[in-house]
Amino acid sequence: MLVKRVPDIYDKLSLLTNGAKFDVSCSPSFDRKNFSKKESFSKFGIHNIWTSNGRCIPLLKVLLTNFCINDCAYCLNRKRNDIPRTIILPDELSRIVYEFYRKKQIEGVFLSSGIIGNSRKTMDMMITTAKFLRTRYQFKGYIHLKIVPDSDEASIEEAVKLADRVSINLELPTEESLSLIAPEKNLHSILKTVEKINSIIENKGKTIQTQTTQLIVGATSDTDFQVLKLTENLYKNNSKLKRVYYSAYMPVNDDPRLPQLSKPPLIREHRLYQADWLIRYYGFQVEEIVSEEKPLLDEKIDPKLDWALRNICLFPVEIQQAPPETLLRVPGIGLTSVKRILKIRKTSTLTLKGLKNLGVVIRRAMHFITIDGKYYGNKNQMKELSTSSIEKNLQQYSLDI
Ligand code: SF4
């Protein structure tokens with residue numbers, strides 16, 4: 001591996017934050033609409049991350065090193081790439097993180113790493129960095145630690161002790177895809193690690209700690225059905241898995257194993273987030289959204305509307321009487337609106353205007369409901385319910401870190 005020297009600490013930091021930006025397991029946190037290989041990056045990798053309760057947290061996303069013994073086709077830091085390589089040792093990295101924190105430039109750190117030497121050595125260095133932060137600097141900020149593949153149980157336990165959140169990336173939903181483009185990784189072993197992390201967090205008893213993971217979308221021929229089936233099982237079997245992040249594949253390397261894309265599949269990524277939401281909070285089964293026969297999400301239409309149009313015989317539903325699980329399936333009615341509808345309808349008769357005030361997207365919902373027996377929709381217009389908000393929403397997922 002060609003190693004170019006990187007002497008200055010801020011040059012090092014710039015390289016190591018640049019190397020960390022493609023990992024979205026703490027959030028999709030850079031402007032991927034304007035993505036380019038030469039993109040200038042937020043100064044020293046400080047990202048504003050939005051939490052699910054609307055709070056903005058500045059977070060330093062950084063690698064301990066961009067050296068790596070692995071050769072994942074999609075990764076900027078893979079061993080075959082001729083890029084400047086560097087490392088910031090735990091002593092120095094913890095000091096820098098603390099300096100940013102002390103000056104109130106960050107509230108936390110997302111620490112990941114290329115694999116240097118082996119998994120044990122890499123985890124040791126990340127853990128030492130976190131330990132220095134917590135003990136030497138009494139750092140009270142947020143720490144998200146990456147667990148590298150093939151980490152042993154002791155390292156995971158130590159990481160969970162120090163971090164607010166940990167993550168290990170699955171990257172791809174099938175063993176075949178992983179062995180094609182990330183040959184050193186093994187899906188079975190990563191899934192076992194996800195389970196191990198889960199049981200370690202569960203055994204801690206009452207704790208707010210959680211884990212996340214990331215799946216890359218569009219780098220292989222895997223379907224949305226395969227992605228969502230894996231996701232559904234992960235949520236079912238791992239109570240401490242807060243969420244799966246989907247990352248539209250960003251071409252950074254020329255590699256014959258990878259597809260030639262003119263732009264990253266951001267709409268597909270967005271649809272997967274919507275489908276994921278339906279599975280986690282709206283009571284949908286994967287097979288209601290996609291199936292082996294229809295394995296891809298429709299990019300032109302959101303998955304809930306797609307489901308409603310395919311099941312039009314179930315509509316319209318009477319807003320004054322439908323049970324909550326039925327209301328949740330109406331396009332244009334979300335979790336909060338359902339709660340409000342249930343409360344208001346106990347004492348009053350709902351109206352079109354009243355529903356709008358409760359947060360219902362009327363132009364969408366009116367085709368699928370009756371209000372006190374009256375239908376305001378137009379079944380012929382249903383298919384024209386456009387997704388004009390896609391572009392606007394692309395960067396607006398609920399981003400809890
Ligand atoms: S293990 Fe793979 S994805 Fe991670 S840094 Fe190394 S080459 Fe990149």
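Read the numbers this way: they start at 1 and go in the same order the structure lists the ligands and their atoms.
Partners of Arg134 under the side-chain contact (heavy atoms from CB on, under 4.5 Å) rule, at least two apart in sequence or in another chain, are Phe139, Ile143, Leu162, Asp164. In this structure, the ring-ring contact (aromatic ring centres under 6.0 Å, His included) partners of Phe284, at least two apart in sequence or on a different chain, are Trp307.
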Test side chain to side chain donor-acceptor pair (under 3.5 Å) on Thr210 and Arg165 and set out the steps. CA-CA 5 Å; Thr210 50; Arg165 179 169 286 176; 2.9 Å; yes
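Comment: Asp224 engages Arg268 in a salt bridge, judged by a side-chain N to carboxylate O separation of less than 4.0 angstrom. One finds no salt bridge joining Asp91 and Arg95 here, because no Lys/Arg side-chain nitrogen approaches an Asp/Glu carboxylate oxygen to under 4.0 Å.
Listed by chain and number, Cys72 SG are the protein N/O/S atoms closer than 2.8 Å to atom 2 (Fe) of ligand 1, with waters left out.
Legend: side-chain hydrogen bond (donor to acceptor under 3.5 Å, both in side chains) pairs involving residues 98-111, not counting sequence neighbours, sorted by first then second residue: Arg55-Glu107, Glu99-Arg102.
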